[in-house]
Amino acid sequence: MLKNRNIPFGYCMVNGKHALNAPEAETVRKIFDDYIGGKSLRSIAVEMEIPYNVGKNKWNINMVCRVLENRKYIGENAYPQIISESDFRLAAQIKSGRNTYRKPVSQNEPRQPEISIMEYEPTEEIQRMTNEINRLINSENPDKEKVEALIIKCTQLKYAAINEVRT
C-alpha cells in the first residue's frame with residue numbers, strides 16, 4: 001500500500017477489481033478470532049505485526065475497531081468475503097456489550113420509578129383555554145405573549161388536575 005489506506009485493510013486492487021491481500025486477510029481473520037475469543041482491542045492492537053499503513057507499524061484500538069466494524073469483510077459491495085456473517089455479528093454483539101463509553105448503572109443506586117400515564121377528564125376551563133390557544137395560534141397575527149401566557153396557565157391547570165387524580 002502506498003501512503004494512506006484507500007482500500008480497506010485485507011484487500012488490494014488486481015486488474016481494477018478488489019482482491020484479497022493474503023497476509024492482511026489472514027490478519028483480519030485473526031483479529032476477529034482473537035476478539036471473539038475474549039481479547040481486548042488494546043491487546044489485539046499490541047500483538048499486530050503487519051503494518052496497517054506504510055510507515056505506521058503500530059496499531060491502535062481505533063484501527064482494530066475499524067476492522068471489526070467494516071461490513072466489507074462479509075462480502076458487501078463486491079469485496080471478496082474474508083469472514084463469515086455470523087462471526088461479524090458475534091463480534092458486533094460482543095463489542096456492544098463491552099462498550100466502555102456507557103455509564104454503568106450502579107446496583108446500589110435506586111432505580112427511577114416507572115412513569116405512569118394518568119388519564120383525566122379535562123375540566124371545562126382547560127377545554128376552553130385549549131380552544132382559545134388554538135384559535136390564537138391559527139389567527140393571522142397571533143399575539144405570542146398572550147399565547148405563551150395561556151399555554152403556561154393551561155399547563156398549570158392540567159398539572160393540578162392530574163395531581164388530583166393521583167391522590
Side-chain angles (χ1 to χ4, degrees), residues 4-11 28-29 31-48 52-53 56 58-79 81-167:
N4 289 334
R5 179 168 290 283
N6 293 325
I7 301 170
F9 186 81
Y11 299 105
V28 169
R29 288 185 196 98
I31 289 171
F32 275 90
D33 289 344
D34 288 352
Y35 192 73
I36 290 169
K39 287 189 179 181
S40 69
L41 296 172
R42 186 172 313 285
S43 65
I44 294 170
V46 168
E47 293 174 2
M48 290 294 104
Y52 186 82
N53 283 332
K56 287 189 179 182
K58 292 194 177 201
W59 282 60
N60 61 44
I61 59 173
N62 294 325
M63 294 170 177
V64 175
C65 199
R66 275 193 293 274
V67 168
L68 291 170
E69 293 173 349
N70 194 335
R71 296 188 59 82
K72 291 175 180 144
Y73 297 128
I74 58 174
E76 285 192 359
N77 299 331
Y79 281 85
Q81 186 175 3
I82 295 177
I83 59 154
S84 69
E85 194 167 338
S86 61
D87 281 350
F88 183 84
R89 277 190 307 234
L90 182 56
Q93 184 180 5
I94 292 168
K95 189 170 178 304
S96 70
R98 288 185 187 174
N99 187 353
T100 58
Y101 295 109
R102 290 181 302 194
K103 182 181 175 188
V105 177
S106 171
Q107 298 299 329
N108 299 333
E109 290 181 23
R111 297 184 83 182
Q112 291 288 334
E114 291 186 23
I115 297 173
S116 58
I117 298 173
M118 297 288 190
E119 290 189 26
Y120 72 100
E121 287 293 321
T123 63
E124 287 181 28
E125 187 178 8
I126 292 172
Q127 192 61 51
R128 183 186 53 74
M129 208 172 284
T130 303
N131 292 339
E132 179 66 12
I133 292 168
N134 289 332
R135 187 188 67 73
L136 285 171
I137 289 174
N138 293 328
S139 67
E140 283 189 31
N141 295 318
D143 181 356
K144 292 179 183 179
E145 290 177 6
K146 187 173 183 180
V147 170
E148 186 176 284
L150 280 172
I151 289 172
I152 291 170
K153 180 68 176 160
C154 188
T155 303
Q156 290 170 337
L157 290 172
K158 287 180 180 182
Y159 182 75
I162 290 172
N163 280 335
E164 287 176 16
V165 170
R166 285 188 185 165
T167 58

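Just so it is clear, the values below take in all heavy atoms, side chains as well, and ignore hydrogens, waters and symmetry mates.
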Set of side-chain contact (heavy atoms from CB on, under 4.5 Å) partners for I137, sequence neighbours left out: I133, V147
Less than 4.5 Å apart, side chain to side chain, heavy atoms only: is that true for K158 and T155? no
Distance check, rounded to the nearest 0.5 Å: R128 atom CZ versus E125 atom CD? 5.5 Å
Kindly indicate whether the side chain of M63, heavy atoms from C-beta on, has any atom under 4.5 Å from the side chain of M48. no
Can you tell me if R42 uses its side chain to pair, donor with acceptor, with the backbone of I61 under 3.5 Å? no
Assign the ring pair Y73 / F32 to parallel, tilted or perpendicular, where the plane angle (0 to 90°) is split at 30° and 60°. perpendicular
Would you name the heavy atoms of N62 and N60 that are closest together and state the gap between them? N-OD1, 2.9 Å
Please say which of R71, Q93, E76 ends up in a side chain to side chain contact (heavy atoms under 4.5 Å, CB included) with F88. R71
Partner of I31 by side chain to side chain contact (heavy atoms under 4.5 Å, CB included), out of I36, L41, V67: V67
What pair of heavy atoms forms the shortest contact from K95 to Y35, and how long is it? CA-OH, 3.1 Å
Can you tell me how far CE of M129 sits from CG of L157, rounded to the nearest 0.5 angstrom? 5.0 Å
Answer yes or no: does atom CD of E148 have more than 12 heavy-atom neighbours from other residues, nucleotides or ligands under 6.0 Å? no
Non-hydrogen side-chain atoms of E47 and W59 separated by less than 4.5 Å: no
For the pair N77 (side chain) and Y79 (backbone), establish whether a donor and an acceptor sit closer than 3.5 Å, ignoring hydrogens and angles. no
If we ignore hydrogens and angles and just use 3.5 Å, is the side chain of S43 paired with the main-chain N or O of K39 as donor and acceptor? no
Donor-acceptor pair, side chain of D87 and main chain of I83, under 3.5 angstrom: no
Can you see which heavy atom on I74 is nearest to which on S84, and at what distance? CG2-O, 3.8 Å
CG of L136 to CD of E132: how many Å apart, nearest 0.5 Å? 4.5 Å
Please report the shortest heavy-atom distance between I82 and G10, naming the atom on each side. CD1-O, 3.9 Å
